[in-house]
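First the structure, in the form of structure tokens, and then the observations on it.
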Amino acid sequence: MEFIISPLGDQAAHLEFGRPFHEETEKKIRTVTTVLDEQCPAWVIEYIPSYTSVTIFYDIHFFKKEALPYEAVRLEVERLFNHLEPMELNDRRKVRIPVLYGGESGPDLQEVATLNGLTVDEVIDIHTSSVYTVQMVGFSPGFPFLVGMSPRITAPRRMNPRLRIPPRSVGIAGGQTGIYPIETPGGWQLIGQTPIELFLPNETPPSLLRAGDQLEFFSITKEQYDAYREGDV
Amino acid sequence: MIRVRKAGLSDTIQDSGRIGYQQFGVIQSGTMDSNSSRIANLLVGNEEGEAVLEMALIGPILLFEERMLIALCGGEFAPEIDGVSVPMWKPIVVKENSVLKMGTATRGCRLVMAVGGGFDLPQVLGSHSTYLKAGFGGFNGRSLLKGDLLSVNKPNETSKIIDKQALDCKTTPFSTTRWSVAKQLRPFVGKSYIIRVLPGRQKNLFTHQTQKDFLSSVFTLGSESDRMGYRLHGPKLQLSEPKELLSEAVTFGTVQVPSNGQPIVLMADHQTTGGYPKIAQVISADLSMLAQVKPGDSIRFEEVSLHTAQQLLMQIERTIRELRKGIELQQYNGGIQ
């Protein structure tokens, strides 16, 4: 398995695997993160996967006898991953996310429809008929970066980002869709809200979603939304 | 218990950080000036990574409802207990019902207070650090407010021995040891800083002039800086050609350049990933000094090799290890020098 390794500062190594939105790249990333999850070497503190890379944070104390600890890390990384074949992505976790579209929960749904010359219902149909892949989790706790959205419902970021986006809002920015797990500022167009918590600070792992998951949205009514929130579903 | 009589500008509980959850978008947080925090903890007999109270620019006023062993380290503030100036960088035994006024930063920006035994607070995801934006960790996920009550764990054996070494003094409302931390272990604080960097992952995307300007110009720290990021004002940094990047991992000390050309240095509360081009990376050995830069101070960047950066980092580890041994030795000697 080939990759390019370079330092990120003096305590991390950045492994770059190739072109974005390419299954081969994703396979390599999952291969590396699976190894790190299952048999994490003691010198690894943690890692962050992204669209094309995995950044490994290492503990320099393990290499304190080395003139250049990064060089020892590079050799270790190559020894661990070079001989591996990219794994198949057959058994992805599948997650279905209920969404209350439009109204107060999705104040920009009409805007997204108008921009694309569609009705509101057509936007919902299109948004719920794709299968999305979680490429990475970042920006805020549990926030998934999803690929797989139809180009028919793209919308630019808002000119004036909102200072407070309600937790669990579902939004669109450019060709991407995502979910804001906690209240943060943000510029995405909001089309709906899920009753499901994505950030789970008291659970391990603390995120409903993780890189590699497959995700589908389905539309629910206000009554169903309330029932989810009350824990009846 | 410690009661907050008056809150400071930003008083948060921080430890060595929330480790292991960045892949789920959970930021590390943790103390900005880790050297000062580690030293403050050693001075009161704690583990180095124990939670401390981190304060910035304007400190709080605290009432100690019981006798307590504390240490104050970091930038230069002018702390006073019941009106008497308190030395920093040494263990202090605060007497029951004393009032500690932290004062304001004269040089440097951040002050930390460690207490013997540590703060008695629940952990979230294995850490006591406050994550302000998500509102969890530390003390109720927020900065301290007037009226808050902080409980402290029972001091451990090391804390008790250090406490015994503190000499009673009739002229001050607190007691302290004869020894203190050597000057060379304290972070540099001043008005202008030289911060050492490594080249950033996208350095070569910037124009040659910008790459030169970055290392030769003086930048001023903007007032909109906080625990998340330092906004610098200086020459406009430009890419050779516009380029959209996909988000990838960033870290404490990453210098990224948004489209307005004014760099942002990511600090302890930085997001886990970012999509702006990275022109440089502050070396870990200089992060504690960087934490002491306050708005209006100036910064110049100097590039070093990865070899130098890693050797400097290991040097800090050796120095702190020696300090730990020194403090242990003081205990064996019963504090007599």
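Letters go in sequence order (proteins before strands), and every chain restarts at 1. Computed from heavy atoms alone, side chains included, the values below leave out hydrogens, waters and symmetry copies.
- With a 4.5 angstrom heavy-atom cutoff, B:Gln28 touches chain A only via side-chain atoms.
- A pairwise comparison of heavy atoms in B:Leu125 and A:Pro206 identifies CD2-CB, 3.8 Å as the closest pair.
- Considering all non-hydrogen atoms of both residues, B:Val250 and A:Phe57 come closest at O-CZ, 4.1 Å.
- Interatomic distance, A:Phe143 CZ to B:Thr273 OG1, rounded to the nearest 0.5 Å: 9.5 Å.
- Within the 4.5 Å cutoff, no side-chain heavy atoms of B:Ser247 are placed close to those of A:Phe139.
- Contact annotation for A:Glu16: only side-chain heavy atoms (C-beta onward) come within less than 4.5 Å of a heavy atom of chain B.
- Proximity to chain B (any heavy atom under 4.5 Å) is restricted, for A:Glu203, to the backbone atoms N, CA, C and O.
- Of the two parts of B:Gln23, the backbone and the side chain both hold a non-hydrogen atom closer than 4.5 Å to a non-hydrogen atom of chain A.
- Using a distance-only test at 3.5 Å, with no hydrogens or angles considered, a donor-acceptor pair links the side chain of B:Gln310 to the main chain of A:Asp10.
- In this structure, A:Ile60 CD1 and B:Leu313 CG are separated by 4.5 Å, a value rounded to the nearest 0.5 Å.
- Atom CZ of B:Arg231 has 12 or fewer neighbouring heavy atoms from other residues, nucleotides or ligands inside a 6.0 Å radius.
- A:Ser140 and B:Tyr131 make their closest contact through CA-OH, 4.5 Å (heavy atoms, listed as atom of the first residue, atom of the second, distance).
- Annotation for B:Lys243: atom NZ does not count as buried by contact number, only 12 or fewer foreign heavy atoms lying within 6.0 Å.
- Checked by atom type and distance alone, the side chain of B:Gln22 never pairs as donor or acceptor with a backbone atom of A:Glu46 at under 3.5 Å.
- The number of heavy-atom neighbours closer than 6.0 Å to CD of B:Glu241, taken from other residues, nucleotides and ligands shown, is 12 or below.
- Your options are B:Pro199, B:Gly137, B:Gly20, and the one with the most heavy-atom pairs under 4.5 Å with chain A is B:Gly20.
- Between chain A and the residues B:Ala134, B:Ser284, B:Gly253, B:Ala309, the most heavy-atom pairs under 4.5 angstrom are made by B:Ser284.
- Annotation: the span from B:Tyr21 atom OH to A:Thr204 atom OG1 amounts to 5.0 Å, rounded to 0.5 Å.
- Contact check for B:Thr251 versus A:Gln11: no side-chain heavy atoms found under the 4.5 Å cut-off.
- Ranked by non-hydrogen atom pairs under 4.5 Å with chain B, the options A:Ile182, A:Leu8, A:Thr33, A:Val54 are led by A:Leu8.
- Across every non-hydrogen atom of B:Leu306 and A:Gly9, the tightest pair is CD1-O, 3.7 Å.
- The 12-atom threshold is not exceeded at CD of B:Glu47, counting heavy atoms of other residues, nucleotides or ligands nearer than 6.0 Å.
- Side-chain contact, A:Ser53 with B:Glu248: no donor N or O sits under 3.5 Å from an acceptor N or O.
- Using a distance-only test at 3.5 Å, with no hydrogens or angles considered, a donor-acceptor pair links the side chain of B:Gln311 to the main chain of A:Ala67.
- Taking chain B as the reference chain and counting heavy-atom pairs below 4.5 Å, the highest number among A:Pro69, A:Gly142, A:Pro181, A:Pro201 is found for A:Pro69.
- At most 12 non-hydrogen atoms from other residues, nucleotides or ligands lie less than 6.0 angstrom from CG of A:Asn160.
- For chain B, the nearby part of A:Glu66 is the backbone; its heavy atoms alone come within less than 4.5 Å.
- Here the closest non-hydrogen pair linking A:Phe63 and B:Met314 is O-SD, 4.3 Å.
- Checked by atom type and distance alone, the side chain of B:Gln271 never pairs as donor or acceptor with a backbone atom of A:Gly138 at under 3.5 Å.
- The closest side-chain heavy-atom distance from A:His61 to B:Glu317 is below 4.5 Å.
- The contact between A:Leu68 and chain B is made by backbone and side chain atoms together, counting heavy-atom distances below 4.5 Å.
- For B:Phe136, the part lying near chain A is the side chain, with the backbone staying farther off; criterion is any non-hydrogen pair under 4.5 Å.
- When heavy atoms are compared at a cutoff of 4.5 Å, B:Val197 does not approach chain A at all.
- For B:Ile19, the parts sitting under 4.5 Å from any heavy atom of chain A are the backbone and the side chain alike.
- The two atoms that bring A:Thr55 and B:Ala249 nearest to each other are OG1-CB, 3.3 Å, heavy atoms only.
- Counting heavy-atom neighbours within 6.0 Å of A:Arg92 CZ, excluding the residue itself, gives a total above 12.
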